[in-house]
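A quick write-up on the structure given underneath.
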Amino acid sequence: MLSRKHRGLSNTIAGAAMIILLFIGVGIGYVIPREAPVAQTITVTNVVTQTVTQTRVETTTATVTATQPATPIKIGFSAPLTGAGAFYGQQALWGAQMAVDEINARGGVLNRQLTLIAEDHRGVPAEAVSTVEKLINVDQVSVIIGTFFSSPTLAVMPIVAKAGVPLFSPVSSSPLIYNQTGVQGNKWVFKTNPSDTLMVRALAKFMFDVKGYKSVSLVAEDTDFGRGIVNTLEAEAGKYGVKVLSKDFVEQGAKDFTAVLTKIRGLKPDVIGLGITGTAQIELIVKQSKELGVKIPLSGRYDIFAPELKPYIEAGEAEGFNTVTPYSPLFEGGRNPEFVKSFKARTGQDPHWNAFLAYECVYVVAKAIQKAGSSDRAAIRNAAEGLEYDSVTGLKLKFDENNHMFPYCYIIEVKDKKFNLQVIETAALK
Amino acid sequence: MRKTLLKIEGLSSGYGGIDILKDVSFEVKEFEVACIIGPNGAGKSTLIKTVYGLLKPSSGKITFKDEDITGLSPLNILKKGISYLPQGRAIFPLMTVQENLEMGVFSRRDTKIKEDIAKIYDKFPILKERRNQLAGNLSGGEQQILAIAMALLLSPTLMMLDEPSLGLSPQSMSIIFETIKALNKDGITLLMVEQNAKKALQLADHAIVLELGRKRFEGSGQEVLSNPELKKLYLGG
Amino acid sequence: MSAEIIFTQHLVNGLLLSGIYGLVAVGLTLIYGVLEIVNFAHGEFYMLGAYLTFIASAWLGLPYYASVILAVLSSAFIALIVERGAIRPIVERSFESKVLSTFAISMILANAVLLLFTATPRTVRTGIAGTIEFAGVFFSVERVVALLTGYLAFLALHMFLQRTRLGKAIRAVAQNRDACYVVGIDLHKMARLTFALGIGLAGLAGALIAPIFSIEPSMGQAVVLKAFAIVIVGGFGSVKGAALAALIVGLGESLVGGYVSATLKDGLAFLIIILVLIIRPQGIFGRATRVL
Ligand SMILES: Nc1ncnc2c1ncn2[C@@H]1O[C@H](COP(=O)(O)OP(=O)(O)OP(=O)(O)O)[C@@H](O)[C@H]1O
Ligand SMILES: [Mg+2]
């Protein structure tokens, strides 16, 4: 038994040692080069080289804000900045911040700068609620962008409506949102991306008509997103007379898919229809399929642009994989190539759909504030109703009576180790 | 006159800053059997634990073989030649008797270990019989003998026993007291705490009566046995 | 594809997973048995093992096996420091202090790794990824390596605890702390050794799982819950029980995931806990026959 004095001293020493170790760790982290940012180099068969006329040098928002006399307009931002959706949250934040910086560099909106206040909800609905409450009550934001993922968005929708704060949702794609917004009741929620129903409808046509799959096994995460995908795919399969051989829901962020994949291996469907978020998750599915001898193409909603999938695509182990996405950096229409170029210059990575949709959403919000002529929450909401917006993709968008916009979606298929792209207008699928 | 082996001077000690033991002083002479008696909660175990270094005294001094051992750790006190048998069975129930004895010499690094274990088996044939049984399956008395044997392997000068007869059948109890007597004959000084005061006092050269953490009386075992007041209080009339 | 092959494949899948569960749970039960501490930071040390493997293989460019060894040794080393700073001061305190202390360690570790690596999942590549087919049943090379290594580690631990002087002393501490004072077994030293050993096993599990699953700072939480379930089922403090319970949970999850519902899979361990608590509250190998 140590004397109290001795004990105190040794604790101090051990504590100091731990702190030193931590610093050494941080030091190592900086000295050793991290893996080069996993930028996807996507080869498209016919690359059009375009000269980008604008190159912007970004200055930090903070210094710009300081010189402005008017108070900045606060935009809340709630996203999964850590956890399984961290890659998406990071991309979304990059995209949103890029738009804010661009707008501020041009003088802001209503001669006021925009400030983005980002909160992390880790993909957990309950935490999304607390981030949104904080943004509303503590930060007193004028408008919120978020919350990325469907379950968190569905959880915060009644809260923003009650508080009277407009919420612009750029990525969540559950059809349940469409059924609640605009004329359906919740007038405070706006969506700038197509719902899963529309995207999956487009994909189903590709799967069951173009590719001619006759049977499908469905695997999705047990979330509003995953269940939405499965429901739509099942309904579409019915319409095309395609047999659904199995339906499995896994925990969000699950890592072991061997049980489900083994079962599917026995069922031998033509295709596996996924409803999975998480870049690591899709890699695990591909890797474990390979290890279990499952050679069935993947379709449905998952992240085919996940950096983790690149080696499999390059090795020809993802041939025939297809999916539908709300954005593709490969799209050459409109001002997209310029967007891709400046995003890459800024972050070193290709823009993910989370980045692009968040970027566009900030512009939509800015336009609504401009039109409202004030940063008042209700005024912004009123201005947003029926708002028109010229998308970077060249498409003219407008909030419909359900406060939804319908940009393009894209069918992506891996063929000869490359992505094939097909652009679809979602408004026509309504 | 025998030499003083253990000297306790003004010892106070307790738990969480509250003294249970208050200003206790006494001496244990070489080769004697000293016995501490007193009612439940008097601080008997607290006293022994403090001597063994398991508790820090708040004041006072403990001297062993003319050397100040106050505040030493149990391991160091063990090395000085004091061994301690706590209240309850100090054995490893899920190891065999043989393994227990091997653990008994854990702190030893010499070459005579095997020999000494063999000697122990000679001394306690019952352990030899049970050498491959789990210690937890021995009878209470056998377990206590095993514990004493483990302590013996470290050749202590002073052995402190905390209620060695607790929970034993009368038969086992007398075996334990016989064993203790034999240990003393072999030259080991004993300091023991006993609830079974009558039997212990018959054996004791020297008795200390504790009450509410203070020394109430000190004298020979016979003196306590013949003191009518003490007899009434602690020996059931 | 015959139903038998699929069934066998499910069993193989479960077996491969149980090795990892077993390693984590055995360390947890060992630390409980000797230190009487429920180590809430155990999952974070498992996570640390995975990240140390990532550092060694992706940053330092070491081969996978060398990375595993380095990860195990450094987790054990970190465990020694943590034991000194945060475990020893509370080892004789109340149960609540112990819970709070290990909980704090878990938060510090998880957040330190979050700070250093962000929450973005990382992947460890071994160069041995691949699969072996035998009669229609597939064995992932990485998983087989993990299982065999885990099994060897378990055997080594068993031999260490049963045959060596130090190992026996560790069991002695778990069996009777008071008696250790009698024979002069240094409790602090054994506690330190056990903590390092248990954490080393968790680190090994993390190092073995790193290439199989993606790694992230929060990965410890899910596993430690399962390990707790396994330890409860096996009997707190029982190494053998933990190993057996890991096998039951691993196989059970695989079969439930394959034949019942993938959603129920992760709840299975907890269902088993409830059943065991009702039928045999002391666990399969409750205190009466535990190995420690
Ligand atoms: N670990 C402990 N923490 C706090 N108080 C304690 C502790 N151990 C004992 N005590 C208290 O100290 C007092 C003396 O206890 P001690 O064990 O020394 O008595 P004892 O004379 O040995 O009694 P018994 O004959 O019952 O063994 C009691 O009031 C007891 O409640
Ligand atoms: Mg006592």
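Predicted model only: the values in this text are computed from it and were never measured.
Between C/E253 and C/K226, at least one side-chain N (NZ, or NE/NH1/NH2) sits under 4.0 Å from a carboxylate O, which counts as a salt bridge. The pair A/E127-A/R122 counts as a salt bridge, with a side-chain nitrogen and a carboxylate oxygen less than 4.0 angstrom apart. Between C/E216 and A/K255, at least one side-chain N (NZ, or NE/NH1/NH2) sits under 4.0 Å from a carboxylate O, which counts as a salt bridge. Under a 4.0 Å N-O distance rule, the pair A/E283/C/R125 qualifies as a salt bridge.
Less than 6.0 angstrom separates the ring centroid of A/F77 from the ring centroid of A/F148. The six-membered or imidazole ring of A/H352 lies away from that of A/F305, with a centre-to-centre distance of 6.0 Å or more.
Looking at C/L16, neither its backbone nor its side chain comes within 4.5 Å of chain A, counting heavy atoms on both sides. Using a 4.5 Å cut-off between heavy atoms, A/Q90 makes no contact with chain C at all. When heavy atoms are compared at a cutoff of 4.5 Å, A/K290 approaches chain C solely by way of its backbone atoms N, CA, C and O. Contacts of A/K287 with chain C are made by side-chain atoms alone, with heavy-atom separations under 4.5 Å and no backbone atom involved. Contacts of C/L114 with chain A are made by side-chain atoms alone, with heavy-atom separations under 4.5 Å and no backbone atom involved. For A/Q288, the part sitting under 4.5 Å from any heavy atom of chain C is the side chain, from C-beta outward, and nothing else. Only the side chain of A/L284 comes within contact range of chain C, judged by heavy atoms closer than 4.5 Å.
The greatest number of non-hydrogen atom pairs below 4.5 Å with chain A, out of C/E133, C/E142, C/M219, C/R143, is found for C/R143. Comparing A/V219, A/L81, A/L292, A/V260 by how many heavy-atom pairs each has under 4.5 Å with chain C, the most go to A/L292. Interface summary for chain C: among A/L267, A/D256, A/D222, A/I264, the most heavy-atom pairs under 4.5 angstrom belong to A/D256.
Checking side-chain atoms of A/T262 against main-chain N and O of A/T258 turns up a donor-acceptor pair under 3.5 Å.
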